S.K.: 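Below are the structure tokens for one structure; questions will follow.
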2 protein chains.
Amino acid sequence: MSTPTPKITPLVDPVARPGPVNNPCAACAIRDLSVCGALKPDEISRLNAIVVQKTVNAGATLFIEGDPADAHYIVLDGCIKLYKMLPDGRRQITGFLFRADFLGLAFRQRYAYGAEAVSTATLCRFPRERLEALLDEFPEMERRLLSISSSELASAQDQMLLLGRKTAAEKLASFLWLLSKRAALKETDWRRLDLPMMRSDIGDYLGLTIETVSRTFTQFKKSGLVSFTRPDAVQLDDIDALAELAGVEESWQPSTAM
Amino acid sequence: MSTPTPKITPLVDPVARPGPVNNPCAACAIRDLSVCGALKPDEISRLNAIVVQKTVNAGATLFIEGDPADAHYIVLDGCIKLYKMLPDGRRQITGFLFRADFLGLAFRQRYAYGAEAVSTATLCRFPRERLEALLDEFPEMERRLLSISSSELASAQDQMLLLGRKTAAEKLASFLWLLSKRAALKETDWRRLDLPMMRSDIGDYLGLTIETVSRTFTQFKKSGLVSFTRPDAVQLDDIDALAELAGVEESWQPSTAM
DNA sequence: CGCCAACTTGATAACATTCAATGTAGGTGG
DNA sequence: CCACCTACATTGAATGTTATCAAGTTGGCG
């Protein structure tokens with residue numbers, strides 16, 4: 001379940017050059033969405049000096065639970081899943097990361113979870129020691145990290161409510177709602193969602209089996225809530241019904257990170 | 001379910017005096033366990049200037065989801081539960097707080113969860129604005145907060161694994177294991193646990209019903225894993241079996257906060 | 001063209017919930 | 001002081017949602 005079969009789409013330049021030659025961070029489109037935005041224009045080169053850009057294929061493992069935590073990452077593109085496992089192989093996906101999301105909170109010696117690429121993904125990799133040294137220097141960056149950490153905590157609490165108290169249909173509706181909100185924040189059309197992750201990932205995220213995920217999708221199709229062109233592209237036809245199922249209160253501001 | 005019937009045990013002085021008269025923070029026994037430990041001895045009075053000590057009865061509501069988030073708290077004594085609710089009343093308890101735990105992470109305008117006293121509890125209350133102003137002044141304090149936030153995130157991930165993938169028996173064993181670890185960190189005997197919360201709280205924390213909690217406890221009793229003198233005091237008779245059930249790996253360092 | 005992985009659908013079974021009754025302890029009032 | 005009341009906990013029986021086991025289906029790729 002965890003040894004992946006890498007696929008073959010290295011679309012992005014595997015390793016970018018840090019250092020003075022060019023200054024990719026300065027031109028970074030998502031800088032202001034993440035911790036990097038805490039630095040003033042003339043300080044950006046400090047980041048550039050420690051970052052290495054990295055592309056991983058779908059299915060590739062970034063690290064597993066228990067690995068020495070020697071780096072933090074920011075997702076530039078693609079989708080990463082974080083997960084924890086029980087000794088017998090049962091798995092819980094604790095989150096999906098997309099563009100601009102931070103990976104590596106939990107400042108400890110070892111990662112408390114595994115990370116694997118759902119689709120081909122590009123990340124900025126910051127050596128742990130050196131990034132944390134920058135935090136000492138730039139309190140504003142630490143402030144941002146605290147803010148990110150707080151949002152993730154809030155999302156985690158939402159997810160606990162989902163896992164502990166929602167039915168299969170409510171879980172799936174909440175999942176679609178969440179993806180839709182994220183899509184709306186970015187450029188994408190929020191009615192038409194990509195589902196880069198497979199059914200087993202969705203199941204492991206929602207505390208369900210593949211079969212239940214599939215059956216619930218069919219049920220949604222029959223009720224006119226959603227429609228599919230391909231299994232990995234869903235159209236939300238009745239957002240209100242989905243929101244109702246998800247248990248979303250009116251005027252609710254969903255958390256930014258999953 | 002949320003309007004409580006306050007009980008009658010105001011054991012502690014309801015409101016302590018801040019200000020120059022005395023300096024309770026300086027004498028605080030748990031200072032070093034929390035954010036306050038970030039301040040040097042001569043800076044402690046800054047905290048003292050903004051803190052108000054507060055005692056709440058069992059069942060009392062500190063705040064509910066959606067209330068303006070105007071304060072942070074540190075638990076001095078007693079037990080507080082945090083929870084989220086669905087529109088129809090289903091509830092998920094996202095954590096229990098004990099001595100030295102921080103309450104109020106999630107730096108937003110409104111609380112994303114409710115907080116209620118499980119047992120009579122004493123807290124230090126810090127007005128939000130003023131505490132956050134102190135953070136600007138003392139980066140070390142912010143650092144501690146980030147560290148607390150990270151631990152809570154790790155605990156939240158553990159809890160997602162529990163809620164999404166563990167059976168009733170595994171959930172309950174994990175819960176006892178967690179309480180035991182916490183007790184071991186403090187003064188208490190780790191074999192003999194207080195359960196200040198009622199069965200419905202345990203159920204809402206583990207994503208189970210009262211009945212399942214009760215049945216699973218009796219099952220544990222029959223198997224010789226635990227024994228009860230009173231419903232709110234459990235003795236762990238077979239820790240190894242509980243750890244095994246909980247899915248705890250050898251040499252595992254459980255997170256400090258629930 | 002056929003294989004393989006992912007997904008869907010069906011039949012059965014299990015675990016936990018629901019509904020219902022009983023048990024227990026602490027507190028209150030007669 | 002004892003009986004009663006209420007809140008919490010336990011136990012029992014029936015139901016149901018979701019998991020499990022087992023075929024099929026689809027689509028991409030060699």
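Residue numbers start from 1 in every chain, and the chains themselves are labelled A, B, ... in the order their sequence lines are given, proteins ahead of strands. Owing to the predicted nature of the structure, the values given are computational and were not obtained by experimental measurement.
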S.K.: Dot-bracket for DNA chain D, please. Rules: Watson-Crick or G-U, both distances under 3.5 Å, ( ) within the strand, [ ] when a pair crosses earlier ones, | for another strand, . otherwise.
M.R.: ||||||||||||||||||||||||||||||

S.K.: Which comes earlier along DNA chain C counting from the 5' end, the contact point of A/Arg165 or that of A/Phe228, where each point is its nearest nucleotide?
M.R.: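 Comparing both residues, the 5'-ward one is A/Phe228.
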
S.K.: For the pair made of CG in B/Leu206 and C1' in C/dC15, what is the distance, rounded to whole Å?
M.R.: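 From B/Leu206 CG to C/dC15 C1': 16 Å.
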
S.K.: Is any NZ, NE, NH1 or NH2 atom of the basic residue among B/Asp237 and B/Lys221 found under 4.0 Å from an Asp or Glu carboxylate oxygen of the other?
M.R.: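 Salt bridge: no.
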
S.K.: Name the orientation class of the two ring planes belonging to B/Phe96 and B/Phe175 (parallel below 30°, tilted from 30 to 60°, perpendicular beyond 60°).
M.R.: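 Correct class here is tilted.
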
S.K.: Name every residue in residues 207-220 of chain B that has at least one heavy atom under 4.0 Å from any atom of DNA chain C, in order of residue number, or write none if there are no such residues.
M.R.: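 Hits under 4.0 Å, by residue number: B/Gly207, B/Leu208, B/Thr209, B/Glu211, B/Thr212, B/Arg215.
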
S.K.: Would you mind reading off the distance between B/Arg199 atom CZ and C/dT17 atom P, rounded to a whole angstrom?
M.R.: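 It is 15 Å, rounded to the nearest whole Å.
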
S.K.: Which of parallel (below 30°), tilted (30 to 60°) and perpendicular (above 60°) describes A/Phe217 and A/Phe228?
M.R.: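 Answer is perpendicular, since the angle exceeds 60°.
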
S.K.: How many whole angstroms separate atom CD of B/Glu170 from atom P of C/dC15?
M.R.: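 From B/Glu170 CD to C/dC15 P: 11 Å.
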
S.K.: Rounded to whole Å, how long is the line connecting atom CD1 of A/Ile202 with atom C1' of C/dA6?
M.R.: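 These atoms are roughly 12 Å apart.
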
S.K.: Please report, rounded to the nearest Å, how far the P atom of D/dA9 is from the NZ atom of B/Lys221.
M.R.: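 Answer to the nearest Å: 12 Å.
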
S.K.: Do A/Pro231 and A/Arg199 make a side-chain contact, defined as non-hydrogen atoms from C-beta onward lying under 4.5 Å apart?
M.R.: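 Yes; the side chains approach each other to less than 4.5 Å.
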
S.K.: Are side-chain heavy atoms of B/Leu179 and B/Phe98 found at a separation under 4.5 Å?
M.R.: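 Counting from C-beta outward, B/Leu179 and B/Phe98 do come under 4.5 Å.
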
S.K.: Starting at NZ of A/Lys166 and ending at P of C/dA16, how long is that distance when rounded to a whole Å?
M.R.: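 Atom NZ in A/Lys166 sits about 22 Å away from atom P in C/dA16.
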
S.K.: Do B/Ile80 and B/Glu116 have side chains that get closer than 4.5 Å, going by heavy atoms?
M.R.: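 Result no, sub-4.5 Å side-chain heavy-atom pair not found.
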
S.K.: In this structure, how many angstroms lie between the P atom of C/dA16 and the CZ atom of B/Arg90, rounded?
M.R.: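 Interatomic distance, CZ of B/Arg90 to P of C/dA16: 18 Å.
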
S.K.: Test salt bridge (Lys or Arg N to Asp or Glu O under 4.0 Å) on A/Asp189 and A/Arg191; report intermediate values, then the result.
M.R.: CA-CA 6 Å; A/Asp189 176 19; A/Arg191 309 186 69 101; 5.9 Å; no

S.K.: Judged by each residue's nearest nucleotide on DNA chain D, which is more toward the 5′ side, A/Ala169 or A/Arg230?
M.R.: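 Mapping each residue to its closest nucleotide by heavy atoms, the 5'-most match is A/Ala169.
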
S.K.: Using a strict 4.0 Å threshold on nitrogen-to-oxygen distance, state whether A/Asp204 and B/Arg165 make a salt bridge.
M.R.: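 Between B/Arg165 and A/Asp204 there is a salt bridge, with a charged N closer than 4.0 Å to a carboxylate O.
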
S.K.: Tell me the interatomic distance from B/Leu172, atom CG, to C/dC15, atom C1', rounded to whole angstroms.
M.R.: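 One finds 15 Å between C1' of C/dC15 and CG of B/Leu172, rounded.
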
S.K.: Between A/Tyr83 and A/Tyr113, does the ring centre distance come in under 6.0 Å?
M.R.: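 A/Tyr83 vs A/Tyr113: aromatic centres not under 6.0 Å.
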
